[in-house]
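Remember, predicted model here, so these are calculated numbers, not experimental data. Note on naming: letters A, B, ... go to the chains in the order of the sequence lines (proteins, then strands), and numbering restarts at 1 for each one.
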Amino acid sequence: MSFFKKIKDKISGTNEAVAEKFKDGLTKTRDSFTSKVNDLVFRFRVVDEEFFEELEELLLQADVGFETVMELIDLLKEEVQRKNIKNTTGMQSLISEKLVEIYNSGEADTNELNIEEGRLNVILMVGVNGVGKTTTIGKMAARLKKEGKTVMLAAGDTFRAGAIDQLVVWGERTGVVVVRQAEGSDPAAVIFDAVKAAKKRNVDVLICDTAGRLQNKVNLMNELEKVHRVIGREIEGAPHEVLLALDATTGQNALIQAQTFNEVTNVTGIVLTKLDGTAKGGIVLAIRNKLDIPVKFVGLGEGIDDLQPFDPEKYVYGLFANGLEMEETDDHEAETEEDK
Amino acid sequence: MAFEGLAERLQVTMNKITGKGKINEADVKEMMREVRFALIEADVNLKVVKQFVKTVSERSVGQDVMKSLTPGQQVVKIVKDELTNLMGGEQNPIQFARKSPTVIMMVGLQGAGKTTTTGKLATVLRKKHNKKPLLVAADIYRPAAIQQLETLGKQITVPVFSMGTDQSPVEIARKAMEEAEREHHDVVIIDTAGRLHVDEELMQELKDIRELTNPDEVFLVVDAMTGQDAVNVAKSFDDTIGITGVILTKLDGDTRGGAALSIRTVTEKPIKFVGMGEKMDALEPFHPERMASRILGMGDVMSLIEKAQENVDEDKAKELEQKLRTQSFTLDDFLDQMQQVKKMGPLDEILKMMPGANKIKGLDNAKVDESQMGRVEAVIYSMTLAERENPEIINASRKKRIATGSGTSTQEVNRLLKQFEEMKKMVKQMTNMQQKGKKKGRMPGFDAFFK
């Protein structure tokens, strides 16, 4: 229980509206997932093999992936044995505690963007087709601008029809300059120009869009590597952030995506998009677990403000918020039953 | 991190129980566990998996799997058959209206690939069905979605109907129908905005468009990489709007594509097309059997054979076979064979279709170096006809000449000659083995192309 208190305090301590938005975005996720966890806890009064089996299935359905689920279940079984837990009361908090633990066991535990004052910061956005790279860039530009930074965008997706126009619209919405060339031109050249322009104008942050590409297309991945190299050649230590946009509805392939993009561009963080649907995006746990890449932002809608920093505790809280209330009443019930 | 296919998974289980002679029901249960793992890792929805495993399990216990000498293979076969069955037997063509125009609605989540698929579908309709399609830009929400469709329209020279972003999509659809009538278009494809299946307002909009245009086909466009949530998405779209078919996109990636099975099971609607690439003609009919193999990680032999049939000259192949048998295979034939293989497309893609290719050491992430092939070609071209016929005559000075002529080194010439020798040896072994009814699949002489 103390664990949840901690999270609760943490959330009420932060901006209420943000917490609300996070909760709203995850409502559907939570509704389906937590009601199932509750259901599970109610149906199984006793923690036994069958309980774990059902829990395993629940997690699998959240796209967490086989290995990570197994790891979690093992952790839980160990804990249950150690603490000699017999009934399912209190299991919810134990489950979420372990989920956060798996997530936090990684090295880099920051969701902050690596942005420093007094230099040109370059963010490179990468990912497969249709995950929401351009939309995320639009939202991120708005966010950074609000923080008082000067921002510039580079239309590096010269392949997909309409991609440049799409970024230009976001540029207009946020009042940010977009560096662009004609469709079909060399993306590395566009990015090169953009870096030059950004230096000249002394902007704080340059966000580079790239075309969506499937990670198994060798030529396209080589092209991306070139873009990455060009940035590094112009500015030492750049790009300072390489963000992989990941669609929350994606299944186990997301792990391969993260691995391959990481090999080519050294991914520093993930933006988990479309989390406002019913998909759970559980694969980020596996990615963090295996590749140690943290989630930095989550996309919770199509509005300009619908990009929020990722917080593992809030994320899990979002998943288990209902469970928390239930648990409290459950404790109560247990007591009254004893009274009788 | 590539996931193991079912066959490999079962192999592990089988290794555990070989030597037992007969296997029992518990062993079958163990194998079913592996089936379950394999399907879940392929992103098939868990509930669908459960139902499926139950069916397969019943069939396996009832049948002669337990008596079979190769129970593992038997199970794989049952699983694959069952999967193919579930995926729908026959291919499903587009339903055209009796009275023109045929109306097709494209629906789906954001980023599934609706607009791109709209362009591809128009290409197919025009080229293969001789139709005169009109594309309708009804995505007024996403920035530049209309421009995207207009650009695609220009690329494939198909007209696009748009009214900007100020009119409602329903109104756009209404006007588009009038336009189609006026301009005598026989197919109208409406590209709608991506939306979440839980967004009631936007789902209502789709319902309104459906009511107004009375479409002959409503295609749900789904990303092949979708995970467990595919069932919710497909079910919601089907329940609220009523879909007539599914188009699976981005199948040229390396996802197993278990979503196909999930969607098919919950909606019972046919998967009509698959998107296989970025080009405008990369839309192919759906083949249940191939999809089954893919989900199970068994390689796509059918596509490979089809590709080969399309590109390989049959007479040449027969001639080659004859030469192989009689051991009169020359460097010229080697060159020929290489060129035939090259015609089939990028080598790494071909390799992926080979069953078990992901298991061959070092090949799982093999990046085929096609430039290496060019060098080999150059070396062979720099030889005289006599040398190609009879490589034994190539001595040191000839090697030097060939190396200079092809811009390579004598080492490279040596390597090629050695490879060729090995290949001949291998072929000899293979022909011998074939006579004994044994075969070990390996691509002779192609090792050098893998880094």
Among [options], who wins on heavy-atom pairs under 4.5 Å with chain A?
{"options": "B:G194, B:P143, B:G111", "value": "B:P143"}
{"options": "B:D229, B:I40, B:D199, B:L149", "value": "B:D229"}
{"options": "B:G227, B:G257, B:A259", "value": "B:G227"}

Quick one: what part of [X] sits under 4.5 Å from any heavy atom of chain A, side chain, backbone, both or neither?
{"X": "B:K154", "value": "neither"}
{"X": "B:L109", "value": "side chain"}
{"X": "B:D252", "value": "both"}

- Does a side chain donor of either A:D247 or B:Q110 reach within less than 3.5 Å of an acceptor in the other side chain? no
Any donor-acceptor pair under 3.5 Å linking the side-chain atoms of A:E183 with those of B:T151? no
The interface call for A:V128 against chain B, heavy-atom contacts under 4.5 Å, is side chain
So the side-chain hydrogen bond (donor to acceptor under 3.5 Å, both in side chains) pairs with at least one residue in residues 163-177 of chain A (sequence neighbours excluded) are A:R160-A:Q166
With chain B, the option among A:V131, A:I283, A:T250 that has the most non-hydrogen atom pairs under 4.5 Å is A:T250
When you measure from the side chain of B:T192 to the backbone of B:A138, do you find a donor-acceptor pair of N or O atoms at a distance under 3.5 Å? no
Residue set satisfying side chain to side chain donor-acceptor pair (under 3.5 Å) with B:D239, at least two apart, ordered chain then number -> B:K235
**Prompt:** Hey, is B:E284 close enough to B:K120 for a salt bridge, meaning N to O under 4.0 Å?
**Reply:** no
